[in-house]
Amino acid sequence: MRKYSNEITPSSDGERVEVAGWVHDKRKLGGLVFLIIRDRTGLIQITLPKKFIPPKVFELTRNLSKESVISVVGKVQKEDKAPNGYEIIPDSIEILSRSATPLLLDPTGKVDANLDTRLDNRVMDLRRSEITAIFKIRAAALSQAREFLGNSGFIEVTTPSIISTSSEGGTELFPVSYFEEEAFLAQSPQLYKQMMMGTGLDRVFETAKYFRAEEHDTIWHLNEVSAIDCELAFIKDERDVMKIIEGLVVAMINVVREKCKRELEILNCEIPEPKTPFPMLKYDDALAKLEDCGMKVPFGEDLSSEAEKRLGEVMREEGHDLYFITKYPLEIKPFYTMPDAEEGIYSNAFDMEYKGREIVSGSQRVHEHDLLVERIKEKGLVPENFKSYLSGFKFGMPPHGGFGLGIERFLVLLLGLPNIREAVLFPRDRKRLEP
RNA sequence: GCCCUGGUGGUGUAGCGUGGCCUAUCAUACGGGACUGUCACUCCCGUGACUCGGGUUCAAAUCCCGACCAGGGCGCCA
């Protein structure tokens, strides 16, 4: 019986319907009151002419606070003067929940609020269509990612988030107390997904959480991140991994372009069709390009954010928003990264950049046990701490590689969001643990 | 971890440099009233704020110190 606002049209004229939602706005003109009700799909106008509706129903609107939840039963009336070409003349109104006043922020968006205030009152904030639009798009992209990976032979897995001390290194971990032992929140499922390559499942992915205890406090970093993490076996080299990424990213962008038109409109956002194939720019060539525009990055250093952005501008001028940077120096990549077959100072590691920002990082991995042990030692880590991981490599491990794609970062760049916190329902950053 | 910036009603802001004219601006929200076609309705009346602690001074929203909270950048990374 209950209908959503988008299920009613002017041609429903005369129909008796029930609608329910939040009181978005109330406009009183003496003997005529307009209630604007908001539900998941949009807004609907309830019109109350004093003369034509029961006095009790009219009286209800007197102290009906904004954002209260009500249910309305009434007759649809075609009306050119109404916002959607129709309105509802109520027979009855039931107040399901009264909202307190004053509101902590304004869901109609008439009055601005700082991000901090908005996040403190995230439930109220999420009543705004331009905020929920982000999460509808996020859901569409994620669901498409699952479908694409499923169709490409990947099996979804779930690996532990609570891990013991042994870790891939490179970032600070959050300690947790685990009965009588100390444990940590996983920085990524990296080692587990690699272990899965020794099982015969061949291709796995995980919609993973990364927990990173770095004290960064920027519009580009979070301490709890979501990612699409993949690993695939029997590859020739990292190019097989990049092929998957290209397909995945194109599928995700296109599904948003095609199925989220309304949300993109709400966000006032236009997404161009992704151009394939994504260029593969060697690290050395990236350095050369940067030097051409007066930015010298010494070999063996990772690109600074400034250099990365500059490169993004150069690539955009060449018509590319999406591209890979390949063949990073082995030195600056983690121990599990496969060295280049010909020149050992390079590696089979790459990043995928979107508008001058890194959103994917991946590589072909070392699958040979002894080399892996050697690489762990070279990185100053202790092979004994990686016992269970390493044992997977002793008894038959196919060549493999994989990547992690940051979902929030992807959304920031796709939609041009001003802050990565906008892409998470309840962000966790240096200072925020609530709500 | 390092560096920079800021904290004024429920919300968003003006004022702070050059202390006094601040009994603190404006908008919106909130309470009351008028209004039968609003759609940021309009109009009238009303309530509501200088983060906290210390200092300088005849005098502090304004200057200084500290705490707390927040925003941003770097490194690191998704």
Side-chain angles (χ1 to χ4, degrees), chain A residues 24-36 43-53 58 62-63 65-67 77 79-85 87 89 99-121 124-125 168-172 187-190 207-229 245 301-306 308 332-334 351-354 357-362 403-413 418-421 423-424 429-432 434:
Chain A
H24 185 71
D25 211 350
K26 182 169 89 170
R27 289 190 272 273
K28 294 177 66 180
L29 286 83
L32 183 65
V33 174
F34 297 101
L35 293 179
I36 312 298
L43 302 174
I44 188 164
Q45 176 164 294
I46 314 295
T47 304
L48 298 95
K50 194 172 183 178
K51 282 185 191 164
F52 302 108
I53 61 161
F58 190 83
R62 246 184 104 74
N63 54 5
S65 52
K66 282 187 192 179
E67 296 303 315
Q77 193 162 89
E79 175 57 71
D80 294 336
K81 283 177 273 185
N84 300 323
E87 59 195 9
I89 313 295
S99 171
T101 58
L103 300 172
L104 297 171
L105 50 83
D106 170 23
T108 66
K110 269 185 263 179
V111 185
D112 273 355
N114 292 325
L115 182 60
D116 188 46
T117 308
R118 289 177 39 218
L119 292 176
D120 280 342
N121 304 286
M124 293 280 284
D125 187 44
E168 54 188 287
T171 193
E172 294 294 318
Q187 67 178 99
S188 89
Q190 179 62 33
T207 44
K209 281 288 182 70
Y210 296 180
F211 299 96
R212 309 222 163 151
E214 296 292 337
E215 301 222 13
H216 36 43
D217 196 3
T218 79
I219 55 171
W220 188 237
H221 293 87
L222 291 166
N223 294 296
E224 181 177 354
V225 187
S226 301
I228 299 170
D229 237 299
I245 296 171
E301 267 184 29
D302 214 341
L303 303 184
S304 65
S305 339
E306 196 193 349
E308 209 183 349
I332 54 173
K333 289 292 170 184
D351 287 345
M352 196 204 76
E353 305 271 321
Y354 189 11
R357 295 292 216 155
E358 174 190 340
I359 66 162
V360 178
S361 182
F403 65 92
L405 179 153
I407 293 165
E408 288 85 12
R409 287 187 172 184
F410 172 76
L411 287 167
V412 165
L413 295 164
N419 192 314
I420 196 161
R421 284 161 254 232
V424 200
D429 62 33
R430 177 66 185 86
K431 288 162 183 166
R432 183 173 288 280
E434 281 283 337

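Every chain is numbered from 1, with letters handed out A, B, ... down the list of sequences.
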Within the structure shown, what part of the strands sits under 4.0 Å from [X] by heavy-atom distance: base, sugar-phosphate, or nothing?
| X | value |
| --- | --- |
| A:I36 | nothing |
| A:D106 | nothing |
| A:S305 | sugar-phosphate |
| A:A227 | nothing |
| A:L104 | sugar-phosphate |

Could you check which of [options] has an atom nearest any side-chain atom of [X]?
| X | options | answer |
| --- | --- | --- |
| A:F34 | B:rC76, B:rC74, B:rU38 | B:rU38 |
| A:N114 | B:rU13, B:rG37, B:rA29 | B:rU13 |
| A:V111 | B:rU38, B:rC77, B:rU11 | B:rU11 |
| A:E79 | B:rA40, B:rG12, B:rG37 | B:rG37 |
| A:R409 | B:rA78, B:rU38, B:rG12 | B:rA78 |
| A:K81 | B:rG37, B:rC41, B:rC77 | B:rG37 |

[X] [atom1] to [N] [atom2], straight-line distance once rounded to whole Å:
| X | N | atom1 | atom2 | value |
| --- | --- | --- | --- | --- |
| A:I332 | B:rC77 | CD1 | P | 8 Å |
| A:D112 | B:rA40 | CG | C1' | 13 Å |
| A:F403 | B:rC77 | CZ | C1' | 17 Å |
| A:I219 | B:rG75 | CD1 | P | 14 Å |
| A:L32 | B:rC41 | CG | P | 14 Å |
| A:M352 | B:rC77 | CE | P | 18 Å |
| A:F211 | B:rC76 | CZ | C1' | 19 Å |
| A:K431 | B:rU5 | NZ | P | 14 Å |

Would you kindly check whether a donor in the side chain of [X] faces an acceptor in the base of [N], or vice versa, at under 3.5 angstrom?
| X | N | value |
| --- | --- | --- |
| A:R27 | B:rC35 | no |
| A:E215 | B:rG75 | no |
| A:H216 | B:rC77 | no |

Taking only the [atom1] atom of each, what is the distance from [N] to [M] in whole angstrom?
| N | M | atom1 | result |
| --- | --- | --- | --- |
| B:rA24 | B:rA61 | C1' | 8 Å |
| B:rA34 | B:rG72 | P | 46 Å |
| B:rU5 | B:rC30 | C1' | 33 Å |
| B:rC52 | B:rG6 | C1' | 16 Å |
| B:rU62 | B:rU18 | P | 14 Å |

Quiz item: Where each residue is assigned the nucleotide of RNA chain B containing its nearest heavy atom, which of A:I89 and A:R430 is assigned the position nearer the 5′ end?
Solution: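 Per heavy-atom nearest nucleotide, the more 5' residue is A:R430.
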Exercise. Specify the residue among A:K26 and A:P49 whose closest nucleotide of RNA chain B lies further upstream toward the 5′ end.
Key: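 That would be A:P49.
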Quiz item: Can you name the closest pair of heavy atoms from A:L48 and A:I53 and give their distance?
Solution: CD2-CD1, 3.4 Å
Exercise. Verify whether one side chain among A:E67 and A:S99 offers a donor that lies under 3.5 Å from an acceptor in the other.
Key: no
Quiz item: So, do A:L119 and A:R421 sit near enough that their side-chain heavy atoms are less than 4.5 Å apart?
Solution: yes
So, using salt bridge (Lys or Arg N to Asp or Glu O under 4.0 Å) as the criterion, who are the partners of [X] when residues are at least two apart?
| X | answer |
| --- | --- |
| A:K81 | none |
| A:K28 | none |
| A:R432 | A:D116, A:D120 |

Show each protein N/O and nucleotides 30-33 of chain B N/O combination with a separation under 3.5 Å, one pair to a line.
residue : atom : partner : partner atom : Å
B:rG33  : OP1  : A:R62   : NH2          : 3.2

Exercise. Apply ring pair (Phe, Tyr, Trp, His ring centres under 6.0 Å) to A:H221 and list each qualifying residue two or more places apart in sequence or on a separate chain.
Key: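 Only A:H216 meet the ring pair (Phe, Tyr, Trp, His ring centres under 6.0 Å) criterion with A:H221.
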Quiz item: Between A:S361 and B:rA78, is there a side-chain N or O to OP1/OP2 distance below 4.0 Å?
Solution: yes
Quiz item: Looking at A:T117, does any N or O in its side chain come under 4.0 Å of the phosphate oxygens OP1/OP2 on B:rG12?
Solution: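 For A:T117, the contact criterion (side-chain N or O under 4.0 Å from OP1 or OP2 of B:rG12) is met.
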Exercise. Just jot down the side chain to side chain contact (heavy atoms under 4.5 Å, CB included) partners of A:D112, sequence neighbours excluded, or say none.
Key: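 A:D112 satisfies side chain to side chain contact (heavy atoms under 4.5 Å, CB included) with no other residue.
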Quiz item: Looking at A:E224 and A:K209, does any basic side-chain N land under 4.0 Å from a carboxylate oxygen?
Solution: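 Salt bridge flag = yes for A:K209 with A:E224.
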